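As structure tokens, the structure follows; a few thoughts come after it.
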Amino acid sequence: MASVALSAAAAAATAATTSRRLPASAKLSLSPSSSSSLKLLGSTPIVSRLFLNPKRCSAAPLPSRAFSSAAAAPKCLASDPEQLKLAREDIRELLKTTFSHPILVRLGWHDAGTYNKNIEEWPRRGGANGSLRFEIELKHAANAGLVNALKLIQPLKDKYSDVTYADLFQLASATAVEEAGGPKIPMKYGRVDVSAPEQCPEEGRLPSAGPPSPADHLREVFYRMGLNDKEIVALSGAHTLGRSRPDRSGWGKPETKYTKDGPGAPGGQSWTAQWLKFDNSYFTDIKEKKDEDLLVLPTDGVLFEDPAFKVYAEKYAEDQEAFFKDYAEAHAKLSNLGAKFDPPEGIVIDDGPSQPVPEKFVAAKYSSGKD
């Protein structure tokens, strides 16, 4: 996705959001052996704080008829379910003060979007494995600006040490969509983190905004991930959130009537008028092309030009419910690409059926372009 800017004030607000203490039930103690496993990585202020975290293990209860006095083998999970739930609540609060929905969606996408279905070996295959936290991958051109997302996420990682980066990135991404008024996404967690920058994928696996042949480029990138035309179009609809900044992506205007007053740092060019509201306006606005202040990249416009893409783009422009359904499924699939889960079946922290949720905030009112 195109780069999305955050203000310095937004990043500063993170400290207040994450300063609350954990409840006693959620606090964890590190044993000497656990502490010794911490490994400093990288050289920048953000990256140097990254470390490996021990898995959370809990003893499984023995059957009541068990005659053996031996202790049950502990069950280890990549992430602690209770900490995942607490982290989600903190992300919701973070979004209310930083309006960082677009960049958190992009963070999850770009960690998962390096997946190559033709490579079986983990983590060489790429995907949702937390590798985006390392400086070498953050410096990839397609990830310009995502260090700002990591600055928002790092305090949560420090607070909830038994949640992996891979899970935290995807949790933040899905929560941002839902809190912006989008569909409830059927997520699962338990992704294992890579452990070193040497395990990061090579540059060039993510899509670019202005390739010579946009349709061919989209298919080349997304087919490599195992995604199809419907999923390409549905996922493109997430551009209903956010702005593109020319100083990062080389695309978009420095400022428009929709972005000059923020929220967050002013400027950039958005795809939609209400760029903090998740709906189907991305498709309706591209179809109409009536507003020069709204961005249409070559990879956006081709959705209504390529015959196979157009079928879905037209459908989503007319039917938001259909878009929400297909987007939720595609987002969940993307978030699992390349991941190694522990336990293998993953961890579900939601109860009840997946349903769209109403918009939880009014920030979009401030980006309507009306004086």
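Fair warning: this is a prediction, and the values are worked out from it, not measured in the lab. Both backbone and side-chain heavy atoms feed into the values below; hydrogens, waters and symmetry mates do not.
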[X] (side chain) donor-acceptor with [Y] (main chain) under 3.5 angstrom:
X	Y	answer
Ser249	Trp251	yes
Arg224	Arg205	yes
Lys253	Ser270	no
Asn148	Gly145	yes
Thr97	Leu94	yes
Glu203	His140	no
Thr284	Ser281	yes
Ser79	Val163	no

Is the shortest side-chain heavy-atom distance between [X] and [Y] below 4.5 Å?
X	Y	result
Pro183	Phe278	yes
Leu171	Ile349	yes
Phe169	Arg133	yes
Thr175	Leu95	yes
Arg243	Trp275	yes
Lys139	Asn143	no
Ser236	Leu303	yes
Lys287	Glu318	yes

Parallel, tilted or perpendicular: rings of His331 and Trp109 (30°, 60°):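 If you compare the ring of Trp109 with that of His331, the planes turn out perpendicular.
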
Whether Phe323 and Phe283 hold their rings parallel, tilted or perpendicular, with breakpoints at 30° and 60°: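 Ring orientation of Phe323 relative to Phe283: perpendicular.
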
Hey, are [Y] and [X] close enough side-chain-wise for a donor-acceptor pair under 3.5 Å?
X	Y	answer
Asp300	Trp271	yes
Thr240	Asp279	yes
Tyr160	Asp80	no
Ser208	His217	yes
Ser335	Arg191	yes
Ser131	Glu137	yes
Asp111	Tyr165	no
Ser195	Gln199	yes

Sub-6.0 Å ring centroid separation between Tyr316 and Tyr282: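 Centroid separation for Tyr316 and Tyr282: 6.0 Å or greater.
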
Quick one: pull up [atom1] in [X] and [atom2] in [Y] and give me the separation to the nearest 0.5 Å.
X	Y	atom1	atom2	result
Ile286	Leu295	CD1	CG	8.5 Å
Asp293	Asp285	CG	CG	12.0 Å
Gln83	Ser161	CD	OG	5.5 Å
Asp306	Tyr312	CG	OH	11.0 Å
Ser100	Lys151	OG	NZ	14.0 Å
Glu198	Ile136	CD	CD1	7.5 Å

Which atom of [X] lies closest to which atom of [Y], heavy atoms considered:
X	Y	result
Thr299	Pro211	CG2-CD, 3.8 Å
Phe324	Gly181	CE2-O, 3.5 Å
Ala174	Met187	CB-CG, 3.7 Å
Gly210	Pro298	CA-CG, 4.0 Å
Gly226	Glu231	O-OE1, 4.3 Å
Thr164	Asp167	OG1-N, 3.1 Å

Would you mind checking if [Y] and [X] are paired as a salt bridge, meaning a charged N to carboxylate O distance below 4.0 Å?
X	Y	result
Glu179	Lys96	no
Asp291	Lys257	yes
Asp193	Lys340	no
Asp350	Lys184	yes
Lys260	Glu255	no
Lys325	Glu329	yes

Test log, rule side-chain contact (heavy atoms from CB on, under 4.5 Å), inputs Ile232 and Val221: CA-CA 10 Å; Ile232 291 172; Val221 172; over 6 Å; no

Residues Leu294, Tyr258; criterion side-chain contact (heavy atoms from CB on, under 4.5 Å); working and verdict: CA-CA 8 Å; Leu294 296 180; Tyr258 301 116; 3.5 Å; yes

Stepwise side-chain contact (heavy atoms from CB on, under 4.5 Å) check, Leu337 with Thr114: CA-CA 9 Å; Leu337 294 180; Thr114 60; over 6 Å; no

Test side-chain contact (heavy atoms from CB on, under 4.5 Å) applied to Leu77 and Tyr189, step by step: CA-CA 10 Å; Leu77 310 176; Tyr189 300 96; over 6 Å; no

Other residues, nucleotides, ligands: >12 heavy atoms within 6.0 Å of [X] [atom1]:
X	atom1	value
Leu206	CG	yes
Lys310	NZ	no
Glu120	CD	no

Within 45° cone of Phe309 ring axis and under 6.0 Å: Arg219 NZ or CZ: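 Yes, a cation-pi geometry.
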
Met225 reachable from Ile119 in the ILVMFWY side-chain graph, under 4.5 Å edges: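 Different clusters: Ile119 never reaches Met225 through Ile, Leu, Val, Met, Phe, Trp or Tyr contacts under 4.5 Å.
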
same_hphob_cluster(Val192, Phe341) at 4.5 Å side-chain heavy-atom cutoff: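 Cluster IDs for Val192 and Phe341 differ.
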
ring-ring contact (aromatic ring centres under 6.0 Å, His included) partners for Tyr115, two or more places apart: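 Per chain and number, Tyr115 pairs via ring-ring contact (aromatic ring centres under 6.0 Å, His included) with no residue.
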
